[in-house]
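A short write-up of the structure that comes next.
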Amino acid sequence: MKLRLKTFLPIFASFLILFSYGCGLGGDDESETIIAGQVIEQSNGSPVEDAIVSITSPTKFAREVVTDSAGNFTFTIEIDSTINVTMEASKSGFITNTKQPFKVASGNDVNDVQFQLQREGSGGGGNDGDQVGGEPEGAAAIVLTGASNQAINIQETGDNVSAAFTFQVQDSAGRPLNLEKAVDVDFNILSGPGGGETVIPATATTNAEGNVTTSIFSGNAAGPVKLQAIVNRPDVGLTIRSNPVLLAIHGGFPDAKSF
């Protein structure tokens, strides 16, 4: 009888260990967790449509979404613990807003993330009566001065598939370059949905007001696009870059065959 009991005990112990793991006591399971909120305009509280909201940290969860007509956004991530999340919201014509890191726990949704975006130049003190006179010097800054659209559609939808952006190249005193100081400006798509979106022209020369214009054409995929204008000055070993310009590419019309 003693011999049989000694033989049985190791088998019974092994069974308990396997049973514990089978009941979920041996590890953590990932859970879908929602991070949601709204982007509004700081001055009047109006919702900001087509703003690009990004999770920037941790890099494992880095992604972007575009706000709807009510300024709302939603992320769904799968985590198995508590993490610190950093996010930012941006849109052409507004100053980018970055949230301080906040904790998100597995299975505990966060639905009250709010971004308040301030329009560029809304801090007052415009240039009227405060401009520097004289002839402009070399290029020192690139400023976005106009955008025909903040959102376009993918190709073959029958809707608008391009957006034009105008930049002004200025010297260190904020004076636009003239024809004598004209420079070539390169345009690069920093990121996009990868559906064949293009920028045309890829290079252009500033005019008498220091302005230059290019257009983004959508491809066959929806998502946010970031465009940047660049001026290289090998004479002083300087590369000048604009702030990234943001554009949303929306999807096409519903297809009944896909339902």
Side-chain angles (χ1 to χ4, degrees), residues 30-79 82-122 144 147-154 157 159-161 163 165 189-195 197 216 218-227 243-255 258-259:
E30 289 188 343
S31 174
E32 283 194 351
T33 303
I34 293 175
I35 303 174
Q38 186 184 34
V39 181
I40 63 174
E41 189 168 344
Q42 185 182 64
S43 61
N44 54 26
S46 300
V48 179
E49 184 180 4
D50 293 328
I52 296 179
V53 183
S54 310
I55 295 177
T56 57
S57 177
T59 54
K60 174 183 178 181
F61 302 106
R63 63 202 65 185
E64 297 176 337
V65 296
V66 178
T67 57
D68 61 18
S69 59
N72 296 323
F73 64 88
T74 301
F75 292 96
T76 300
I77 60 176
E78 293 188 357
I79 56 177
T82 299
I83 61 174
N84 288 319
V85 173
T86 304
M87 300 175 61
E88 71 175 27
S90 52
K91 183 177 179 178
S92 178
F94 291 83
I95 299 172
T96 299
N97 187 339
T98 301
K99 282 283 184 188
Q100 293 296 321
F102 59 93
K103 293 186 181 298
V104 178
S106 176
N108 293 327
D109 296 342
V110 179
N111 297 304
D112 57 353
V113 180
Q114 186 185 82
F115 289 93
Q116 297 186 18
L117 295 187
Q118 178 183 351
R119 287 189 178 274
E120 292 180 348
S122 62
L144 178 69
S148 64
N149 292 293
Q150 298 295 334
I152 58 178
N153 285 73
I154 62 173
T157 60
D159 209 335
N160 192 12
V161 296
F165 297 92
I189 293 180
L190 299 179
S191 64
E197 57 278 359
I216 292 180
S218 64
N220 56 16
V225 178
K226 289 184 179 180
L227 172 72
N243 289 328
V245 176
L246 307 170
L247 174 72
I249 300 178
H250 292 313
F253 301 114
D255 179 9
S258 299
F259 286 89

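The minimum heavy-atom distance between Asp68 and Asn72, with the atom names listed, is OD1-N, 2.9 Å. Nearest heavy-atom pair, His250 versus Ala151, reported as atom, atom and distance to 0.1 Å: NE2-CB, 3.6 Å. Of all the heavy atoms in Pro47 and Ala70, the pair that sits closest is CB-O, 3.2 Å. When all heavy atoms of Ala89 and Val39 are compared, the pair lying nearest together is CB-CG2, 4.2 Å. The two residues Gly107 and Ser31 come nearest to each other via the heavy atoms CA-OG, 3.5 Å. Here the shortest heavy-atom pairing between Pro224 and Pro193 reads O-CD, 3.6 Å.
Each of Val161, Asn153, Leu247 was scored for a side chain to side chain contact (heavy atoms under 4.5 Å, CB included) with Ser218, with one residue passing: Val161.
Distance check: Asn243 CG to Ser90 OG gives 10.0 Å after rounding to the nearest 0.5 Å. For the atom pair CD1 of Ile152 and CD1 of Ile249, the computed distance is 4.5 Å after rounding to the nearest 0.5 Å. To the nearest 0.5 Å, the span separating CZ on Phe115 from CD on Gln42 amounts to 13.5 Å.
Judged by distance alone, the side chain of Thr56 and the main-chain N or O of Thr86 form a donor-acceptor pair under 3.5 Å. Between the side chain of Asn97 and the main chain of Leu117, no donor-acceptor pair closer than 3.5 Å is present. With hydrogens and angles disregarded, no donor-acceptor distance shorter than 3.5 Å links the side chain of Ser54 to the backbone of Met87. Put simply, the side chain of Thr67 gets close to the backbone of Ala51: a donor and an acceptor are under 3.5 Å apart. Judged by distance alone, with hydrogens and angles left aside, the side-chain atoms of Ser92 form no donor-acceptor pair with the main-chain N or O of Leu246 at under 3.5 Å. No donor-acceptor pair closer than 3.5 Å links the side chain of Glu41 to the backbone N or O of Arg119.
Looking only at side-chain heavy atoms (C-beta outward), Asn111 and Ile34 come within less than 4.5 Å of each other. At a threshold of 4.5 Å between non-hydrogen side-chain atoms, the residues Ile77 and Ile83 count as touching. At a threshold of 4.5 Å between non-hydrogen side-chain atoms, the residues Ile154 and Asn220 do not count as touching. You'll find the side chain of Phe61 stays beyond 4.5 Å of the side chain of Phe75, heavy atoms only.
For the residue pair Gln116 / Gln118, no side-chain donor-acceptor distance below 3.5 Å is found, with atom types taken as modelled.
Counting only residues at least two apart or in different chains, salt bridge (charged side-chain N to carboxylate O under 4.0 Å, His left out) contacts with residues 84-105 are absent.
Counting non-hydrogen atoms of other residues, nucleotides and ligands closer than 6.0 Å to CD of Glu78 gives a total above 12.
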